[in-house]
Amino acid sequence: MSTTKTKRLPRSFYDRPTVDVAHDLLGKSIVFRSEEGILSARIVEVEAYVGQDDPACHAARGRTMRNQIMFGKPGFSYIYFIYGMYYCLNFVTEREGFGAAVLIRAAEPKQGLEIMRRNSPGEQRKGKILSGPGKLCRSFGLTRDHNGLDLTGRNLFVESRGEAEPKIKSAARIGIKTGTNRLWRFYDADSSAVSKR
DNA sequence: GTAGTGATTTTCT
DNA sequence: GAAAATCACTACA
């Protein structure tokens with residue numbers, strides 16, 4: 001019998017302060033049942049986007065068509081389209097009515113690497129194929145079609161295997177012009193898959 | 001190795 | 001009409 005316990009994170013994991021959720025997601029595994037097969041990866045870089053008082057958060061100016069999922073219940077996926085060609089994956093956090101989420105920026109492939117390579121023909125290096133939010137979605141095959149999935153369901157979720165906590169560092173968030181004073185980017189200092197050093 | 005910039009289209013003002 | 005939670009390519013060191 002196996003001694004490795006795998007556990008899908010429950011909704012209560014996401015129903016907490018966003019910065020805590022972001023921090024605790026590092027080292028956990030994203031699992032996605034795509035039509036081509038199972039994909040999984042170890043999360044090594046995330047960013048927190050926290051409600052109306054965070055000017056960099058999509059929810060800062062209230063509800064819109066795009067961000068309404070962020071105001072819904074925690075434990076759902078928020079996937080948006082950016083720069084005309086990329087998607088970014090987030091997990092919605094905190095109570096219903098509060099617009100917050102964690103952006104998944106980078107991960108290390110664990111399962112389904114061949115599918116990821118097919119989805120990202122320009123980037124075949126295992127250590128870099130998920131190193132960036134746009135690349136992660138492209139390699140996983142995530143699009144607007146996967147916006148609003150329930151992370152307590154079967155198709156997309158995060159699991160914990162009782163892994164040791166990684167060495168976590170924090171820094172300013174990337175690619176934004178406001179709110180850079182908040183150090184809400186967290187990453188595994190020992191991983192080479194982090195998007196920027 | 002780093003620095004600068006063009007691609008491409010949805011979303012919001 | 002402008003900006004955008006990015007990436008890949010080019011030039012140069």
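Here is how names work: the chains are called A, B, and so on, in the same order as the sequence lines, proteins then strands, and each is numbered from 1.
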Practice problem: Taking only Lys NZ, Arg NE, NH1 and NH2, and the carboxylate oxygens of Asp or Glu, determine whether A:Asp150 and A:Lys73 approach each other closer than 4.0 Å. | Solution: no
Interatomic distance, [X] [atom1] vs [N] [atom2] [rounded to whole Å]:
| X | N | atom1 | atom2 | value |
| --- | --- | --- | --- | --- |
| A:Leu103 | C:dA4 | CG | P | 16 Å |
| A:His58 | B:dT10 | NE2 | P | 16 Å |
| A:Asn67 | C:dA4 | CG | P | 15 Å |
| A:Asn147 | B:dT11 | CG | C1' | 14 Å |
| A:Arg63 | B:dT13 | CZ | C1' | 21 Å |
| A:Tyr86 | B:dT11 | OH | P | 18 Å |
| A:Met85 | C:dA4 | CE | C1' | 12 Å |
| A:Ile82 | B:dA7 | CD1 | C1' | 14 Å |

Quiz item: Whom does B:dT8 pair with, Watson-Crick or G-U wobble, provided both distances fall under 3.5 Å?
Solution: none
Quiz item: What does C:dA5 pair with, Watson-Crick or G-U, if both distances are under 3.5 Å?
Solution: none
Quiz item: Does A:Arg173 make a cation-pi contact with A:Tyr49 (under 6.0 Å, within 45 degrees of the axis)?
Solution: yes
Quiz item: Would you say A:Tyr83 stacks on C:dA4, if stacking means ring centres under 5.5 Å apart and planes within less than 30 degrees?
Solution: no
Between [X] and [N], does any side-chain N or O lie under 4.0 Å from OP1 or OP2?
| X | N | result |
| --- | --- | --- |
| A:Arg144 | B:dT10 | no |
| A:Arg61 | C:dA3 | no |
| A:Lys135 | C:dT6 | no |
| A:Arg138 | C:dA8 | yes |

Quiz item: Should the pair A:Phe32 and A:Phe140 be assigned to parallel (<30°), tilted (30 to 60°) or perpendicular (>60°) ring geometry?
Solution: parallel
Self-check item: Side chain to side chain, A:Arg185 and A:Val194, heavy atoms closer than 4.5 Å
Solution: yes
Quiz item: Is a donor-acceptor pair below 3.5 Å formed from side chain A:Tyr80 to base C:dA5, judging by atom type as modelled?
Solution: yes
Base, sugar-phosphate, or nothing: which does [X] touch, judged by heavy atoms less than 4.0 Å apart?
| X | value |
| --- | --- |
| A:Phe81 | sugar-phosphate |
| A:Gly134 | sugar-phosphate |
| A:Arg66 | sugar-phosphate |

Quiz item: Which is it for A:Ser29 and A:Glu159 under the side chain to side chain donor-acceptor pair (under 3.5 Å) test, yes or no, and what are the steps along the way?
Solution: CA-CA 5 Å; A:Ser29 294; A:Glu159 68 180 16; 5.1 Å; no
Quiz item: For A:Thr64 and A:Gly84, take the nucleotide of DNA chain B holding the closest heavy atom to each; which residue's nucleotide lies nearer the 5' end?
Solution: A:Gly84
